[in-house]
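What follows is one structure encoded as structure tokens, with my remarks underneath.
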Amino acid sequence: MALSLVGMWKHPAHYDDMGHLVVRDLEQIDPGNIVAPFEVKRVYCLYGSSGARGNHAHRKLEQIVTCPVGSCTIDMVNRERRWSVRLDHPTQGLYIGPGTWRVLRDFSPDCVLVVLASEPYDESDYIRDPDEFMKSIRELPALP
Ligand code: TYD
């Protein structure tokens with residue numbers, strides 16, 4: 001399993017009398033301590049969500065989660081940290097690396113999430129069993 005990382009950064013927005021325009025230039029992301037941007041191979045959208053969803057980790061997949069409309073909370077845990085983020089602005093971008101359990105919850109009724117993913121859909125990349133996930137992060141070597 002690759003190094004687990006999560007991170008959030010703000011994308012630039014251009015404003016003029018026509019409104020706001022948010023840019024996501026994947027070649028120029030500077031997320032501080034986050035690994036290099038990935039080649040986007042899949043884009044998907046979540047809307048009409050209620051309750052909680054997610055409840056899984058990925059073995060290899062990297063994702064950038066954006067919330068162009070509405071808001072939601074994403075709870076994450078990996079071998080580095082536990083983290084909770086409220087996505088509530090189109091300029092935000094949340095990077096979720098491999099080996100990160102995530103739960104998406106508290107969706108506003110209008111919430112739309114757009115997710116950029118590094119790989120095509122592959123069910124075998126999912127870890128859906130929390131016990132298997134906890135075992136997988138315990139078996140990783142300690143971080144330096
Ligand atoms: P899933 O990733 O399990 O969503 P969540 O964890 O948020 O509930 O996906 C839900 C369903 O959609 C599941 O049956 C797999 C399917 N799916 C695809 O077929 N292709 C995709 O790219 C994604 C993300 C999901």
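The structure displayed is predicted, hence computed values, not measured ones. Counting convention: from 1, in listed order, for ligands and their atoms alike.
- Considering only heavy atoms from C-beta on, Ile74 comes within 4.5 Å of Cys72 through its side chain.
- Taking a cutoff of 4.0 Å between a charged side-chain nitrogen and a carboxylate oxygen, Arg105 and Asp75 qualify as a salt bridge.
- With contacts defined as side-chain heavy-atom distances shorter than 4.5 Å, the pair Ser71/Arg86 qualifies.
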Q: Check the pair Gln63 / Tyr95 against side-chain hydrogen bond (donor to acceptor under 3.5 Å, both in side chains), numbers first and verdict last.
A: CA-CA 6 Å; Gln63 292 161 298; Tyr95 172 88; over 6 Å; no
Write out each pair where an N or O from ligand 1 and one from the protein are under 3.5 Å apart, with the distance.
{"unit_1": "ligand 1", "atom_1": "2 (O)", "unit_2": "Tyr126", "atom_2": "OH", "d": "2.6"}
{"unit_1": "ligand 1", "atom_1": "3 (O)", "unit_2": "Arg128", "atom_2": "NH1", "d": "3.1"}
{"unit_1": "ligand 1", "atom_1": "3 (O)", "unit_2": "Arg128", "atom_2": "NH2", "d": "3.0"}
{"unit_1": "ligand 1", "atom_1": "4 (O)", "unit_2": "Arg53", "atom_2": "NH2", "d": "3.4"}
{"unit_1": "ligand 1", "atom_1": "6 (O)", "unit_2": "Gly54", "atom_2": "N", "d": "3.3"}
{"unit_1": "ligand 1", "atom_1": "6 (O)", "unit_2": "Gly54", "atom_2": "O", "d": "3.2"}
{"unit_1": "ligand 1", "atom_1": "6 (O)", "unit_2": "His56", "atom_2": "ND1", "d": "3.1"}
{"unit_1": "ligand 1", "atom_1": "7 (O)", "unit_2": "Arg53", "atom_2": "NE", "d": "2.7"}
{"unit_1": "ligand 1", "atom_1": "7 (O)", "unit_2": "Arg53", "atom_2": "NH2", "d": "3.4"}
{"unit_1": "ligand 1", "atom_1": "7 (O)", "unit_2": "Gly54", "atom_2": "N", "d": "3.4"}
{"unit_1": "ligand 1", "atom_1": "8 (O)", "unit_2": "Arg53", "atom_2": "NE", "d": "3.4"}
{"unit_1": "ligand 1", "atom_1": "8 (O)", "unit_2": "Arg53", "atom_2": "NH2", "d": "3.2"}
{"unit_1": "ligand 1", "atom_1": "22 (O)", "unit_2": "Arg42", "atom_2": "NH1", "d": "2.5"}

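- Here the CD1-OG1 distance, from Ile137 to Thr100, works out to 9.0 Å after rounding to the nearest 0.5 Å.
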Q: Kindly indicate, with the supporting measurements, whether the criterion salt bridge (charged side-chain N to carboxylate O under 4.0 Å, His left out) is fulfilled by Arg59 and Glu132.
A: CA-CA 11 Å; Arg59 301 175 202 281; Glu132 182 193 345; 3.2 Å; yes
